[in-house]
Amino acid sequence: MTPNEDHLPGAGRTPTAERPVLTLIGQDGNAFNILGKARRALRLAGRGDEWAAFEVEATAADYQHLLAVVMKWFEVE
């Protein structure tokens with residue numbers, strides 16, 4: 001955890017048992033597009049407060065890490 005991460009809403013939280021559905025098959029695989037779709041999916045699932053924690057975790061490393069975090073947080077189709 002970074003020094004500023006503890007100040008983010010939802011920091012240190014892991015995704016809840018029910019993962020929102022995120023459709024990526026047939027979509028633009030650009031990292032920014034994936035992040036936008038993930039943010040929208042969290043909001044639609046009523047979990048917009050978890051965005052900051054997700055974003056910190058998802059953008060902590062490279063593209064492969066982003067995909068791994070997306071698979072952890074979402075039910076990807």
Side-chain angles (χ1 to χ4, degrees):
M1 206 182 282
T2 64
N4 292 330
E5 201 174 321
D6 58 340
H7 299 292
L8 297 172
R13 289 170 58 184
T14 56
T16 58
E18 290 188 32
R19 299 182 300 167
V21 173
L22 181 61
T23 303
L24 294 180
I25 295 173
Q27 303 295 311
D28 179 1
N30 177 285
F32 294 106
N33 186 55
I34 293 171
L35 289 169
K37 288 185 169 296
R39 185 173 194 172
R40 195 169 312 115
L42 284 173
R43 284 183 180 165
L44 290 173
R47 294 171 46 190
D49 61 324
E50 296 179 35
W51 166 250
F54 169 78
E55 183 184 28
V56 167
E57 184 178 352
T59 60
D62 62 9
Y63 183 76
Q64 295 300 319
H65 177 77
L66 166 66
L67 295 178
V69 172
V70 166
M71 297 291 289
K72 175 181 162 185
W73 279 68
F74 297 91
E75 188 67 38
V76 178
E77 331 183 299

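Along the sequence shown, residues are numbered consecutively beginning with 1.
A donor-acceptor distance shorter than 3.5 angstrom exists from the side chain of Arg19 to the backbone of Met71, with no hydrogens or angles considered.
What you find for Ala41 and Leu22 is that their closest heavy atoms are CB-CD1, 4.2 Å. The minimum heavy-atom distance linking Trp51 with Leu42 is given by the pair CA-CD1, 3.9 Å. Scanning both residues, Ala60 and His65, for their nearest heavy atoms gives CB-NE2, 4.1 Å.
By the side chain to side chain contact (heavy atoms under 4.5 Å, CB included) test, Ala45 pairs with Pro20, Arg47, sequence neighbours left out. Checked against side chain to side chain contact (heavy atoms under 4.5 Å, CB included), Ala31 has the following partners two or more places apart in sequence or in another chain: Tyr63, Leu66.
Identified under the side-chain hydrogen bond (donor to acceptor under 3.5 Å, both in side chains) test for residues 23-39, with sequence neighbours left out: Thr23-Glu77, Gln27-Lys37.
Remark: the Glu57 side chain and the Trp73 side chain contain an N/O donor-acceptor pair separated by less than 3.5 Å.
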